[in-house]
Amino acid sequence: MADLKLSLRGVHRHYLERDARLDILVNVALDIAAGEIVALVAPSGAGKSTLLHVCGLLERPQQGEITICGTSAHELNDRARTLLRRQNVGYIYQFHHLLPEFSARENIMMPLLIAGVERGAAQERADALLNHMVIKERGDHRPAQLSGGEQQRVAIGRAMANNPGLILADEPTGNLDPETSGHVFDLLANSIKDHQAAGLIATHNHDIARRADRVVTLNGGAVVPTKLA
Ligand SMILES: Nc1ncnc2c1ncn2[C@@H]1O[C@H](COP(=O)(O)OP(=O)(O)OP(=O)(O)O)[C@@H](O)[C@H]1O
């Protein structure tokens, strides 16, 4: 049996809008194993961000089971869900969401400090990640002093800081030119594989999606495998 880092079963998520009910996720089943990268490609509004939020325990589905790194989130209260997320999930957004007043190094240190890691050890880990992301010499720069690709590499470093078992990325290269996109995706993919984490990456970019181990889409709210033309 593969070492599953993410497992969804029978997941339903709807939103209520006035009198209407929008069924966004319908009976979703999805497994992602350690070292596996899955691209999620679907039209705008299909529910990609909703799926990522549900996987990352940022939104509760109305039905279904989510298991992250062997722990079922089903029966957990909000506090325990937050802990499970902090310890096991790294999130990367299209617009990096770095803290503007802190340096690249401090941004990467932040989740470590929140997790109670001692400052010196957090700095060492941040420097190793800056090195891994090939932006070692940018550690003292603030986000506004970095290029888009560099900012996104810092965001990847921050997401990887706690060594999470699951990486969720929402359009991580959506803001970058094609060459930088490929480079940033490769750095992200290598980090995920090196750490034997699992990755779920939503993207509109088919060239990026093709670099994943497999591609899925949302069809009527269900997650189904797809082949890109
Ligand atoms: N909190 C909410 N309340 C009501 N409807 C919502 C809410 N969040 C999302 N939706 C709706 O659910 C649908 C799916 O949204 P979602 O953001 O998951 O799509 P997406 O595939 O990520 O789109 P995009 O590629 O444009 O980012 C959309 O129709 C959206 O308007």
Side-chain angles (χ1 to χ4, degrees), residues 5-32 36-68 73-74 76 78 81-82 85 89-98 148-149 151-152 155-156 158-159 164 166-178 180-182 184-185 188-189 192 198-229:
K5 296 293 186 188
L6 176 69
S7 183
L8 271 64
R9 288 290 176 278
V11 168
H12 288 259
R13 177 77 174 111
H14 65 249
Y15 299 113
L16 295 175
E17 266 200 345
R18 292 182 214 98
D19 298 337
R21 181 175 129 167
L22 299 173
D23 289 302
I24 306 299
L25 303 178
V26 178
N27 199 17
V28 167
L30 176 66
D31 287 332
I32 309 184
E36 191 180 25
I37 296 170
V38 175
L40 171 63
V41 177
S44 185
K48 298 182 295 298
S49 299
T50 302
L51 178 62
L52 291 176
H53 288 163
V54 163
C55 291
L57 309 181
L58 295 168
E59 284 185 39
R60 270 184 197 271
Q62 281 86 8
Q63 277 182 53
E65 292 263 359
I66 300 159
T67 304
I68 295 177
H74 194 54
L76 302 181
D78 286 348
R81 281 167 65 92
T82 300
R85 179 172 65 245
V89 183
Y91 226 108
I92 299 160
Y93 301 88
Q94 177 172 359
F95 297 104
H96 60 75
H97 290 199
L98 297 172
Q151 290 171 351
Q152 208 51 318
I156 293 169
R158 180 182 57 180
L166 175 64
I167 290 287
L168 301 170
D170 201 347
E171 294 287 350
T173 65
N175 201 27
L176 307 175
D177 64 65
T180 310
S181 292
V184 166
F185 179 87
L188 172 58
I192 291 172
L200 178 59
I201 299 173
T203 179
H204 282 112
N205 183 331
H206 287 196
D207 290 331
I208 291 296
R210 280 190 198 92
R211 296 176 186 230
D213 297 309
R214 60 191 163 96
V215 185
V216 297
T217 189
L218 281 161
N219 189 351
V223 170
V224 292
T226 187
K227 285 225 182 318
L228 299 174

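The shown structure was predicted, so the numbers you read here are calculated from the model rather than taken from an experiment. In listed order, ligands and their atoms are each counted from 1.
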Examine the side chains of Gln62 and Tyr15 and answer whether a donor and an acceptor come within less than 3.5 Å of each other.
no
As a test of reading the model: which residues have a non-hydrogen atom less than 4.0 Å away from ligand 1?
Tyr15, Glu17, Ile24, Pro43, Ser44, Gly45, Ala46, Gly47, Lys48, Ser49, Thr50, His204
Picking from Leu25, Leu58, Leu22, Leu218, what satisfies side chain to side chain contact (heavy atoms under 4.5 Å, CB included) with Thr50?
Leu25
Arg85/Asp78 ion pair, N-O < 4.0 Å
no
List the residues meeting salt bridge (charged side-chain N to carboxylate O under 4.0 Å, His left out) with Glu171, not counting sequence neighbours, and say none if there are none.
none
Test ring pair (Phe, Tyr, Trp, His ring centres under 6.0 Å) applied to His12 - qualifying residues, sequence neighbours left out:
none
Could you pull out all residues at least two apart from Lys5 that satisfy salt bridge (charged side-chain N to carboxylate O under 4.0 Å, His left out)?
Asp3
